[in-house]
Amino acid sequence: MSDFSARLIAWQRQHGRHDLPWQNTRDPYRIWLSEIMLQQTQVSTVIPYYAKFLARCPDVAALAAAPVDDVMALWAGLGYYTRARNLHRCAQTVVERHGGAFPASVEELAELPGIGRSTAAAIASFAFGARATILDGNVKRVLARVFGVEGFTGEKKVENAMWTLAESLLPLNASDDEVSAYTQGLMDLGATLCVRGKPDCLRCPYAVDCVANVTGRQRELPTARPKKTVPTRRTWMLVLRDGNAVMLEKRPPSGIWGGLWSLPEAADEAALAERARAFGGDGAVSPLAPLTHVFTHFKLDIEPRLAELDSKVGALTVLGDADTAWVTLSDLDSFGVPAPVRKLLDGLQGSLI
DNA sequence: CAATCGTGGCC
DNA sequence: TGGCCAAGATT
């Protein structure tokens, strides 16, 4: 197909999205922030986080100067928390090594923490008009269908072939606006027409050429991810309550919920009671409603247990470099707390206190 | 290089 | 209900 890019640019200008919060700007900071938040995360989920984040950190200098714990709190609920740490590190790198201005080349952008090949291309094309292709889930789906690419796109061999194909489709001699429309068009086509379930092939600019449409294989392309059985883990969580405050514990920087504040955990009930005693309790714990949380690669059964203290010292929020803190339930917003733990604690506020 | 890393929407 | 996966990067 010789006019792939021309058709896409024309389609995007007529039928694409033009009013998302991170569009209609060339500010690399705003574009970068949106691209990081949008990694493996849907637009509707990102929008409120993006607004909240910009209000607190309007530019890269403000973000670089913010405490990392504040960044984690702003990110809490979005998931993939390494993104938040890398976001903070990236802002500091831009300030310290690039004079506060994002570099304009794909190569330099991709050296920054949290920015890979696709995100670098998105930033470079949107902010600087660079001729570089993205390759996200949308593009993989569109290319697999239009060109009939077989094989799971997460497999290295298939992905490499797709990078080469995507590069070959880039427009030549395109203006900055055309470059932006092209990159946005790749995303818009995949997000609005060439969707996973029921693609709207009648409105697609490639309908007559698309291998999947012509052969009726929309359901088989792209090739599905190989199925894997997800293991189940089980953990006991301690809701240690003192007045209207609970004890939170900071999780290690890597691993699940890395760097967030969560409830103290143990591998079984006896170990949890022992932890409650270590915090000053009498060892008595009572069961709360269990909950299950499903991650991408495992399922977590959570057994919450309530223990009471009456020392009156828990009324204050204790911060600093400590890895434990008493936090009043009304102050949870200023802590990065995992979504299911947040739900548990929010439910506690209504039923028990 | 395959595994790891969250959460919520959709059907 | 549960399977699937979204504007992927990192190790």
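Residue numbers begin at 1 in each chain, while the letters A, B, ... track the order of the sequences.
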**Request:** Return the 5'-most residue of the pair A/G154, A/V337 with respect to DNA chain B, ranking by each residue's nearest nucleotide.
**Result:** A/G154
Applying a 4.0 Å non-hydrogen cut-off, can you work out what [X] is touching in the nucleic acid: base, sugar-phosphate, or nothing?
X      : answer
A/L20  : base
A/K157 : nothing
A/G197 : nothing
A/R85  : nothing
A/W32  : nothing

**Request:** Would you jot down, in residue-number order, the residues of residues 117-140 of chain A having a non-hydrogen atom under 4.0 Å from DNA chain B?
**Result:** none
When you compare the protein's N or O atoms with those of nucleotides 3-6 of chain B, which come within less than 3.5 Å of each other, and at what distance?
unit_1 : atom_1 : unit_2 : atom_2 : d
B/dC5  : OP2    : A/H297 : NE2    : 3.0
B/dG6  : OP1    : A/Y80  : N      : 3.2
B/dG6  : OP1    : A/Y81  : N      : 2.7
B/dG6  : OP2    : A/W257 : N      : 2.5
B/dG6  : O4'    : A/Y80  : N      : 3.1
B/dG6  : N7     : A/Y80  : OH     : 3.3
B/dG6  : N7     : A/T296 : OG1    : 2.7
B/dG6  : O6     : A/Y80  : OH     : 2.8
B/dG6  : N1     : A/Q40  : O      : 3.1
B/dG6  : N2     : A/Q40  : O      : 3.1
B/dG6  : N2     : A/T41  : OG1    : 3.0

Nearest 0.5 Å, what's the [atom1]-[atom2] distance between [X] and [Y]?
X      : Y      : atom1 : atom2 : value
A/M237 : A/E249 : CE    : CD    : 10.5 Å
A/D69  : A/K250 : CG    : NZ    : 3.5 Å
A/L8   : A/E178 : CG    : CD    : 12.0 Å

**Message:** Counting only heavy atoms not in A/R26 (residues, nucleotides, ligands), do more than 12 fall under 6.0 Å from its CZ?
**Reply:** yes
Got a salt bridge between [X] and [Y], using NZ or NE/NH1/NH2 to carboxylate O under 4.0 Å?
X      : Y      : answer
A/K140 : A/E159 : yes
A/K52  : A/D333 : no
A/D136 : A/R141 : no

**Message:** What is the first contacted nucleotide of DNA chain C and what is the last, in 5' to 3' order, if contact means an atom lying under 4.0 angstrom from a heavy atom of chain A?
**Reply:** C/dC4 to C/dT10
**Item:** B/dG6 to C/dT11 separation - P atoms, rounded to the nearest Å
**Value:** 14 Å
**Message:** Rounding to an integer number of angstrom, what distance separates C/dA7 and B/dA2 when you compare their C1' atoms?
**Reply:** 23 Å
**Fill in**
Residue pair A/N86/A/R196 against DNA chain C: nearer the 5' end by closest nucleotide is A/R196
**Request:** Using the ring pair (Phe, Tyr, Trp, His ring centres under 6.0 Å) rule, collect all pairs that involve residues 181-211 of chain A, keeping only residues at least two apart or in two chains.
**Result:** A/F4-A/Y206
**Prompt:** What residues form a side-chain contact (heavy atoms from CB on, under 4.5 Å) with A/R131, not counting sequence neighbours?
**Reply:** A/L170, A/L172
**Message:** The criterion is ring pair (Phe, Tyr, Trp, His ring centres under 6.0 Å); which residues satisfy it with A/F53, sequence neighbours excluded?
**Reply:** none
**Request:** Would you please say whether a donor-acceptor pair under 3.5 Å links the side chains of A/T45 and A/Q42?
**Result:** no
